[in-house]
Amino acid sequence: MTMSNAYIDDFPAEAKLVRTAFYSSFLALALGGVFGIIQTLHRTGYYRFIDSADYYTVLTAHGVFLVISFTIFFLVGVFTWAITTSLDRGVEDLRFSWGWYGLMATGITLSGVAILAGFTDATDISASVLFTFYAPLQAHPMFYLGLVLFVVGTWLAGADWFRSWWAWKQENPDSRIPLPTFMVLTTMLMWYIATLGVAAAILLFLLPWSLGLVDSVNPLLTRTLFWFFGHPVVYFWLMPAYMMWYVLLPKVSGGKLFSDPLARVVFVLFLILSVPTGIHHQYLDPGIAEGFKFIAMTNTMFLLLPSLLTAFTVVASMEHGARQRGGEGYFGWLTALPWRDPVFTGMALAGLMFAAAGFSGMINAGMNINYLVHNTFWVVGHFHLTVGTAVALTFMAVTYWFLPQITGRALWSRSVALGQVVLWFVGMTFMSNAMHRGGLLGVPRRTAEPQYDGFEFEAAVGSMGELQAQIALGGILLTLSLVLFFANVFGTALNGRSDELPANEYAGTLSGPEDAPLVLDNLKLWTAIAVVLVIFAYTFPLLSIVDRGGLFGPDINPLPVSLETVHLLAFVLESHVTGTLESIAWLGVNR
Amino acid sequence: MNVHTYEKVWLIGAMVLIVGFIVTITYGSVGLGIAMVDDSEETIEPSELDEDERFADPRVEQVGENEYEAYVVAQTFIFQPDPIEVPAGSEVTFYVTSPDVIHSFSIVGTNVNTMVIPGEVAAMTVEFDEPGEYGVVCNEYCGSGHHTMEGELHVVPDEEFDMTELSVEADDEVETGDEATIEVEVENRMLEALETTVALEIGDETLEEDVTIDGGEAETTTFTIDSADLGEGDHDWTVTVDDYEDSGTLTVADELEEDDDE
Ligand code: HEM
Ligand SMILES: [Cu+2]
Ligand SMILES: [Cu+2]
């Protein structure tokens with residue numbers, strides 16, 4: 001019998017862990033996709049079968065399942081693969097690894113149940129607070145507790161990977177950190193710093209408040225702590241995709257990574273610049289001085305640098321691959337790329353969309369132009385290109401490479417896979433483009449019924465109806481694409497064990513680690529710089545916010561979204577009734 | 001470190017691009033004097049808006065020749081005042097706050113857009129050159145009725161704009177032979193004096209009085225009507241001041257009913 005060198009052959013126990021993490025991720029993707037199409041059809045008015053008040057429960061579920069569980073479960077799978085493969089050693093203690101997985105799974109289940117309970121009146125549990133959970137909107141404590149457990153799970157996962165690296169270092173004292181491991185470690189360092197914000201927001205304020213232990217919170221403080229985490233989390237989603245573009249894409253293109261040192265520089269830049277930028281989500285917040293917003297903007301602009309460098313490396317590596325495959329000419333080499341390979345094509349299309357996202361991102365980042373687009377549908381268009389495509393499509397594409405590695409079974413269908421990634425690209429082109437345009441007309445995001453009594457949105461080119469149609473069409477194509485994706489996941493799982501699998505290998509480099517200055521591997525140094533920048537960017541804003549509004553904020557009533565419908569309906573009725581009574585009274589006086 | 005020439009060129013190009021962005025935006029906001037929403041306003045107690053001088057009565061105030069201030073309250077799920085009315089050719093500073101959760105105040109199709117956070121007051125100054133009607137939306141999720149939260153902003157032609165308020169106190173019933181009084185209070189909330197005419201129509205009679213009301217003042221005009229001239233019965237009346245109108249009915253009776261309260 002021939003034995004292949006797939007990941008599952010070398011690391012059967014770890015393959016099971018990675019597989020479980022991936023399947024958890026896919027479950028979240030499936031749920032998120034269902035909610036995605038429901039809200040697309042509802043918003044655009046094509047098909048409304050839920051109550052508009054429940055739209056926000058759907059949207060919370062879509063956001064949390066996709067950007068918390070889908071992305072991060074996938075990340076822990078990829079990172080476990082990267083550590084074990086590049087250090088060529090299994091995890092140190094399998095029970096510990098399953099421990100952090102268990103914690104993450106328990107956490108997200110608690111939060112998920114709290115959200116989904118919002119659909120029924122059988123319990124007063126609910127958490128329709130959207131994934132940003134801005135106070136004074138209040139979720140059930142279970143929602144916050146679940147998030148804490150999930151994040152603690154990721155902290156332990158990071159500890160697991162650091163542990164592997166330390167163990168490896170004992171045995172290889174003079175070796176450079178292998179590139180994939182370097183990427184994992186820098187990303188996790190960034191994550192430890194970033195999650196301090198959300199941990200503080202939840203543990204010090206929101207959880208005690210939802211349990212009734214403290215009476216109120218300072219909404220601007222918890223919001224600022226959220227964005228302390230909320231910006232870097234986008235890099236947490238993006239880094240595994242970047243890793244795939246650096247270590248897998250050159251290989252499937254048929255070549256090598258252009259430069260190992262530059263890849264390290266990119267990850268170091270993300271480590272030091274990701275966190276001190278979060279205030280760029282708060283350009284429009286009263287209570288934060290213009291100077292602090294300016295610092296955040298400057299850091300944000302510099303954060304373009306690693307992405308621009310990545311664009312260069314990715315294209316250069318693809319070109320190298322194409323030339324190895326016989327490609328020639330100025331642009332002619334493009335035709336020599338393996339466009340029939342879904343892994344390649346998916347990643348290439350994801351990268352292309354990311355470039356488009358870069359443009360809309362630059363608009364968002366400008367603190368003055370931001371006024372035009374902040375919280376409009378434009379923003380939703382933007383992040384469906386970033387996390388919804390650059391990340392999600394890369395993850396789906398590399399799944400076609402990973403599935404055989406972790407299941408030991410051949411991919412069910414390469415052509416279905418190819419159709420799937422192309423369909424995603426086409427669907428997202430329709431949906432995202434129309435969302436961007438809608439945003440420019442002032443159409444708000446996070447709105448069940450973006451049609452109003454007093455005015456209409458006026459399009460200079462096209463019409464609102466045409467935009468809605470494109471969004472609905474895009475959403476349907478995306479949903480079909482997801483169906484094809486799951487067909488392949490199931491089909492592959494049902495295949496028999498194959499022993500002709502490709503070996504578990506990632507790309508070599510043209511310019512290797514020996515060209516990278518040693519200081520790049522000095523993680524302590526970069527962490528220290530990152531911490532200093534965070535202190536610099538956040539100490540004064542946070543002190544000022546606490547000084548203005550108090551640590552626990554003004555006297556303000558929580559708005560428990562658990563009792564929301566009843567509560568708010570009563571309020572609306574009341575205000576309408578008092579309004580009517582007042583006008584009657586007023587008329588009376590004048591008679 | 002061994003960096004490929006193309007890579008160096010790209011790196012330099014990227015840095016130039018980034019620095020270019022920062023410079024343009026800095027110029028675009030600081031250089032042109034465009035103010036951002038910031039921390040210039042004092043904080044406010046969200047549960048005590050009804051005792052606040054600005055927000056207890058959400059309204060537009062004139063503060064200079066062409067300068068106005070609008071005190072706006074955004075709350076689940078309405079904006080007050082609604083509609084907001086300002087004249088064209090004016091400069092308006094909006095002050096917006098919330099008594100409950102986070103909302104936004106966004107004038108559709110413009111870059112007038114701010115978050116509204118309980119405890120904080122967002123301030124932004126906008127120039128309105130041309131008349132027009134705009135929608136106002138809340139674009140931050142604020143609860144299950146968020147999608148119904150809308151308002152309107154009317155920028156009216158300067159010559160049609162005023163801040164006149166009319167209120168009328170009139171007798172309902174008088175006994176034949178007695179005098180009926182109709183008191184008309186006209187308030188001028190603009191800074192300039194208002195010259196106008198208060199007109200009362202009752203029966204086939206029209207009574208008029210010219211008034212001049214200083215800025216920020218109110219004047220009361222009292223019309224006295226001899227009920228004998230009107231005769232027994234119900235008489236409709238209308239008070240008109242510029243575009244404002246109020247009306248009612250005066251009953252003249254031979255004998256008022258006994259148990260009528262005084
Ligand atoms: C079938 C595919 C998808 C469809 C049809 C879809 C559709 C939508 C729509 C229409 C909205 C806007 C809702 C609103 O603002 O009222 C939305 C929001 C959002 N989507 Fe998607 N989406 C899809 C996939 C994804 C993916 C793959 C991700 C990320 C991995 C994602 C992340 C988000 C996030 C974070 C929001 C914002 C939630 C919020 O505002 O709280 N979506 N989606
Ligand atoms: Cu951000
Ligand atoms: Cu709202």
Side-chain angles (χ1 to χ4, degrees), chain A residues 52-53 56 130 134 136-137 219-220 259 261-262 283-290 293 297-298 301-302 304-305 308 312 362 366-368 371-372 374-376 441-442 444-449 452-455 457 511 515-517 544 548-549 553-556 559 564-565 568 571-572 590-591, chain B residues 1-4 6-7 10-11 14-15 17-18 21-22 25 28-29 34 36-39 41 43 45-47 76-78 100-102 104 106 108-109 111-115 117-123 133-135 137 139-141 143-147 150-152 167-168 172 246 248-249:
Chain A
S52 282
Y56 304 102
L130 306 190
Y134 296 139
L137 295 175
L220 184 57
S259 163
L262 255 285
Y283 287 152
L284 273 63
D285 282 15
I288 299 180
E290 191 167 347
K293 296 176 178 174
M297 179 184 76
T298 314
M301 291 293 176
F302 279 106
L304 278 175
L305 186 63
L308 287 168
F312 179 88
M362 289 174 205
M367 57 196 259
N368 47 2
Y371 278 72
L372 191 61
H374 181 83
N375 267 356
T376 67
L441 307 183
R445 68 184 282 199
R446 299 183 151 178
T447 292
E449 299 173 18
Y452 295 90
D453 295 332
F455 64 93
F457 298 105
S511 162
D515 291 333
S544 146
R548 290 172 68 84
D555 179 15
I556 195 166
L559 194 61
E564 186 183 62
T565 359
L568 291 185
F571 177 84
V572 171
N590 286 282
R591 258 157 208 276
Chain B
M1 189 159 97
N2 173 6
V3 180
H4 196 280
Y6 289 161
E7 211 157 12
W10 181 265
L11 184 71
M15 286 304 285
L17 182 79
I18 289 168
F21 276 141
I22 296 174
I25 291 165
S29 28
I34 297 171
M36 311 267 307
V37 172
D38 62 11
D39 63 346
E41 289 297 306
T43 54
E45 200 63 45
S47 55
T76 45
F77 301 104
I78 49 172
D100 44 45
V101 295
I102 300 181
S104 95
S106 311
V108 175
N111 62 353
V112 181
N113 193 355
T114 182
M115 302 306 300
I117 300 178
E120 296 284 349
V121 177
E133 296 203 348
Y134 298 90
V137 294
N139 67 16
E140 185 54 84
Y141 167 63
S144 58
H146 163 62
H147 46 278
E150 65 171 304
E152 280 174 56
S167 59
V168 182
D172 289 334
D246 200 351
T249 309

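By convention in this document, chain letters (A, B, ...) are assigned in the order of the sequence lines, proteins followed by strands, and residues within each chain are numbered from 1.
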Evaluate the side-chain proximity of [Y] to [X]: yes if any heavy-atom separation is below 4.5 Å, no if none is.
X	Y	value
B:L17	A:L308	yes
B:V37	A:Y371	yes
A:P286	B:M115	yes
A:F312	B:L11	no
B:N113	A:N375	no
A:R445	B:N139	no
B:M15	A:F302	yes

Please determine, among [options], the option with the most heavy-atom pairs under 4.5 Å with chain B.
options	value
A:L441, A:L305, A:T376	A:L305
A:M301, A:R548, A:M362, A:R446	A:R548
A:G454, A:G442, A:P444	A:G454

Can you name the closest pair of heavy atoms from A:P219 and B:I102 and give their distance?
->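 Shortest heavy-atom separation between A:P219 and B:I102 comes out as CB-CD1, 4.5 Å.
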Contacting region of A:Y452 [heavy-atom separation from chain B under 4.5 Å] =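 It is both, since atoms from each part get that close.
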Engaged part of A:L220 at the chain B interface, taking heavy atoms whose separation is under 4.5 Å |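 Both backbone and side chain.
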Are the side chain of [X] and the backbone of [Y] linked by a donor-acceptor contact shorter than 3.5 Å?
X	Y	result
B:E120	A:D285	no
B:D38	A:I288	no
A:K293	B:M36	no

Roughly how far, to the nearest 0.5 Å, is the OH atom of B:Y141 from the OG1 atom of A:T447?
->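 So the OG1 of A:T447 and the OH of B:Y141 are separated by 11.0 Å.
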To the nearest 0.5 Å, how far apart are OG1 in A:T298 and CD1 in B:I25?
->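 Separation between the atoms: 9.0 Å.
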Given a strict heavy-atom distance threshold of 4.5 Å, which part of [X] is in contact with chain A: side chain, backbone, both, or neither?
X	value
B:V121	backbone
B:T114	both
B:S104	neither
B:E140	both

Option in B:W10, B:F21, B:Y134 with maximal non-hydrogen atom pairs under 4.5 Å from chain A =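 Of B:W10, B:F21, B:Y134, B:W10 has the most heavy-atom pairs under 4.5 Å with chain A.
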Between A:Y56 and B:H146, how do the two ring planes meet: parallel, tilted or perpendicular, split at 30° and 60°?
->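 Ring orientation of A:Y56 relative to B:H146: perpendicular.
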